[in-house]
Q: 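Could you have a look at this structure, given as C-alpha cells, before my questions?
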2 protein chains.
Amino acid sequence: MMTHEPPADPDDPALAAAQAERFSQARTAQAQALLEDYTEMIDDLIREHGEARITDIARLMGVAHPTATKAVARLKREGLAVSRPYRGVFLTEAGAEMAERVRSRHRVVVDLLIAVGVPPESAERDAEGIEHHVSDETLMAFERFLGGRG
Amino acid sequence: MMTHEPPADPDDPALAAAQAERFSQARTAQAQALLEDYTEMIDDLIREHGEARITDIARLMGVAHPTATKAVARLKREGLAVSRPYRGVFLTEAGAEMAERVRSRHRVVVDLLIAVGVPPESAERDAEGIEHHVSDETLMAFERFLGGRG
DNA sequence: ACAAGGTTGTAGCCAAGGCTACATTTCGGA
DNA sequence: TCCGAAATGTAGCCTTGGCTACAACCTTGT
Ligand SMILES: [Mn+2]
Ligand SMILES: [Mn+2]
Ligand SMILES: [Mn+2]
Ligand SMILES: [Mn+2]
C-alpha cells in the first residue's frame with residue numbers, strides 16, 4: 001500500500017518542522033479537551049435538570065468537587081460560563097455554541113466508529129478521547145462517509 | 001438511527017458511574033500518550049541513525065531540549081529507556097515493545113482515516129492525537145475494516 | 001425554628017509537562 | 001592540539017489539573 005510518511009529524517013528541516021507541528025497540534029487539542037467536555041456536560045445537565053450543580057458535574061466527570069470548581073473557574077475565565085456562589089453554573093453564548101459543536105462532533109465520531117465495526121461500548125468509551133483530535137476536515141470526511149449509507 | 005446513549009441522568013448511580021468511567025479512561029490514556037510518542041520517536045531515530053540524541057528528539061517533538069530531557073527521565077523511571085550522560089537514549093525491551101505497538105497502531109489509524117475519506121495530511125495530523133485513545137477492540141475493528149478491502 | 005446533613009467554597013499539597021537561563025561537557029576544524 | 005560552537009545537563013519558574021482537609025453556607029425535616 002505505502003500510504004505512510006517516510007521515516008522522519010532529522011536532518012531535513014522541513015520534515016522535522018512538519019513532524020514537530022503535528023505533535024504541537026495534538027498538544028493544543030489536548031489543552032482544549034477539558035473545556036469541551038465540561039461545556040458539553042453543563043449543557044447536558046441544564047437541558048435535563050434546568051441547572052448544573054458543581055456536585056453533579058464532579059460526579060459525572062469522575063473527579064472530586066474542587067477539581068470541578070477549578071475547571072468551572074477556567075471556563076469563566078475564558079468567557080464560556082458564568083456562575084454565582086451557591087447557585088448553578090450557566091453557559092454564555094460562546095459556551096453554548098461550543099457545547100453544540102462538541103455534542104455534534106461526539107455523535108459523529110461514535111457513529112463513524114460503529115459504522116466501521118467498533119462495538120458500541122468501545123465506541124462510546126474511545127470517542128470520549130478521540131473527539132478532541134478530530135479536525136474539521138476529518139469531521140466532514142466522517143459525515144460524508146456516514147451520509148453515503150443509510 | 002438512535003444509536004446514541006440516552007442523556008446522562010445524574011440521579012442514576014449506575015449511569016453516572018459509567019459516564020465517569022469513560023472520562024477517567026480518557027484521562028488515563030492521555031497520561032500514557034507522552035510515553036508512547038517518545039518511545040516511538042526514539043525507536044525511529046535509532047533505526048535511522050543508530051542513536052537517539054536529546055537534541056533530535058526535542059526538535060522532532062517540537063519542544064525545548066530540557067522538556068525532552070524531562071520526558072526521557074520519566075521513560076527511565078518507568079523502565080522504558082536507559083541513557084548515560086552525553087551519550088544517546090536507548091530503549092529497554094519494554095520500551096521497544098511499546099514502540100512496536102505504538103507504531104503499528106499509528107499506521108492502522110492513519111490507514112483507517114484515509115480509508116473513510118480523510119485527506120492524507122489531515123489523517124497524519126489527527127492520528128497523532130487519536131492513536132492514544134484507540135482501544136484494542138477498536139484497533140481490531142479497524143484492522144477488520146481495512147482487511148475487508150485491498 | 002433550628003440542627004443536621006448535604007453542597008459549595010477555599011487553602012494548600014502534588015506531579016506533569018511546558019519554558020528560560022546558565023553551567024558543563026563534547027567534538028570537530030583550524 | 002586546542003578552542004569555539006554545539007550538545008547536554010541542571011536549576012528554577014509557570015500553568016494545569018488532580019487530590020484532601022476543613023470552613024462556610026444552604027435546605028430540609030422534625
Ligand atoms: Mn471528551
Ligand atoms: Mn464528549
Ligand atoms: Mn501521538
Ligand atoms: Mn504516533
Side-chain angles (χ1 to χ4, degrees), chain A residues 10-11 13 16 20-21 23-39 41-42 45 49-78 80-90 128-129 132, chain B residues 10-11 13 16 20-21 23-39 41-42 45 49-78 80-90 128-129 132:
Chain A
D11 300 333
E21 183 55 25
F23 287 109
S24 193
Q25 288 239 167
R27 286 193 296 270
T28 299
Q30 195 52 40
Q32 280 287 109
L34 181 132
L35 298 178
E36 296 182 346
D37 283 335
Y38 274 86
T39 52
M41 171 73 70
I42 290 166
L45 284 169
H49 290 75
E51 62 178 3
R53 313 298 301 226
I54 283 287
T55 299
D56 295 325
I57 296 171
R59 184 162 32 87
L60 292 169
M61 295 294 299
V63 298
H65 87 263
T67 301
T69 301
K70 260 191 197 177
V72 169
R74 190 175 155 209
L75 291 183
K76 291 162 75 172
R77 199 177 347 124
E78 310 231 354
L80 296 167
V82 293
S83 78
R84 290 196 334 265
Y86 296 97
R87 302 293 163 227
V89 181
F90 305 89
E128 201 52 73
H132 308 286
Chain B
D11 301 332
E21 182 56 25
F23 287 109
S24 193
Q25 288 239 167
R27 286 194 296 268
T28 300
Q30 195 51 40
Q32 280 287 108
L34 180 133
L35 298 177
E36 296 183 346
D37 284 335
Y38 274 86
T39 53
M41 172 73 70
I42 291 166
L45 285 168
H49 290 77
E51 60 177 6
R53 311 300 301 228
I54 285 286
T55 299
D56 295 326
I57 297 171
R59 184 161 32 87
L60 292 168
M61 295 294 299
V63 298
H65 87 263
T67 300
T69 301
K70 258 191 197 175
V72 169
R74 189 175 155 208
L75 291 183
K76 292 162 74 172
R77 198 179 345 126
E78 310 230 353
L80 296 167
V82 292
S83 76
R84 290 197 333 267
Y86 296 98
R87 301 291 163 230
V89 180
F90 305 90
E128 202 52 73
H132 308 287

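These numbers come from a predicted model, not from an experiment. Numbered from 1 within each chain, the chains take letters A, B, ... in sequence-line order. The analysis underlying the following values was restricted to heavy atoms, covering all of them including side chains, and did not include hydrogens, waters or symmetry mates.
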Q: Between D/dC19, D/dA24, D/dG9, which one does the side chain of B/P85 approach most closely?
A: D/dG9
Q: The side chain of B/R74 lies closest to which of these nucleotides: D/dC19, D/dT10, C/dG17?
A: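 Nearest to the side-chain atoms of B/R74, counting from C-beta on, is C/dG17.
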Q: Within this structure, what is the NZ-to-C1' distance between B/K70 and D/dA11, rounded to whole angstrom?
A: 10 Å
Q: Could you give the CD-to-P distance, from A/Q30 to C/dA16, as a whole number of Å?
A: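 Rounded to the whole Å, the gap is 16 Å.
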Q: Just checking, is any N or O donor in the side chain of B/D37 or B/H132 under 3.5 Å from an acceptor N or O on the other one?
A: yes
Q: Apply the test salt bridge (Lys or Arg N to Asp or Glu O under 4.0 Å) to residues B/R53 and B/E51: give CA-CA distance (whole Å), side-chain angles for both, the deciding distance (0.1 Å), then the verdict.
A: CA-CA 6 Å; B/R53 311 300 301 228; B/E51 60 177 6; 3.3 Å; yes
Q: Distance check: side-chain N/O of B/R27 vs OP1/OP2 of C/dA16, anything under 4.0 Å?
A: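 Looking at the OP1 and OP2 atoms of C/dA16, neither is under 4.0 Å from any side-chain N or O of B/R27.
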Q: Given atom CD of A/Q25 and atom P of C/dG18, what is their separation to the nearest angstrom?
A: 15 Å
Q: Without decimals, in angstroms, what is the distance between A/Q32 CD and D/dG17 P?
A: 10 Å
Q: Which nucleotide sits closest to the side chain of B/Y86: C/dG18, C/dT10, D/dT8?
A: D/dT8
Q: Rounded to whole Å, how long is the line connecting atom CD of A/E78 with atom P of D/dT15?
A: 14 Å
Q: If you compare every side-chain N and O of A/T55 against the phosphate oxygens of C/dG6 (OP1, OP2), does one of them come in below 4.0 Å?
A: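 False: A/T55 side-chain N/O out of range (4.0 Å or more) of C/dG6 OP1/OP2.
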Q: Between D/dA21, C/dT20, C/dG17, which one does the side chain of A/P66 approach most closely?
A: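 So the side chain of A/P66 is nearest to D/dA21.
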Q: Does any non-hydrogen side-chain atom of B/Q30 lie less than 4.5 Å from one of B/R27?
A: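 In short, these two side chains do not touch, never coming nearer than 4.5 Å.
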Q: Counting only side-chain N and O atoms of B/T67, is one of them less than 4.0 Å from OP1 or OP2 of C/dC19?
A: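 Affirmative; the distance criterion is met.
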Q: Considering just the side-chain nitrogens and oxygens of A/R77, establish if one lies under 4.0 Å of OP1 or OP2 belonging to D/dT16.
A: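 It does, given that an N or O in the side chain of A/R77 lies less than 4.0 Å from OP1 or OP2 of D/dT16.
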Q: Could you check how far CZ of A/R84 sits from C1' of C/dT7, rounded to whole Å?
A: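 Taking atom C1' of C/dT7 as the reference, CZ of A/R84 is at 17 Å.
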Q: Within a strict 4.5 Å, meaning less than it, do heavy atoms of the A/R59 and A/M61 side chains meet?
A: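 When only atoms from C-beta onward are counted, A/M61 and A/R59 do not touch, as no gap falls below 4.5 Å.
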Q: Quickly work out the A/E36 CD to D/dT16 P distance and round it to whole Å.
A: 16 Å
Q: Stacking here means centres under 5.5 Å and planes under 30°; does A/H65 stack on C/dT8?
A: yes
Q: If you compare all heavy atoms of B/V63 against all heavy atoms of B/Y38, which two are closest, and at what distance to 0.1 Å?
A: CG2-OH, 3.7 Å
Q: State whether A/R53 places a side-chain N or O below 4.0 Å from either non-bridging phosphate oxygen (OP1 or OP2) of C/dT7.
A: no
Q: Rounded to the Å, how far apart are B/Y38 OH and C/dG17 P?
A: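 Roughly 9 Å, once rounded to whole Å.
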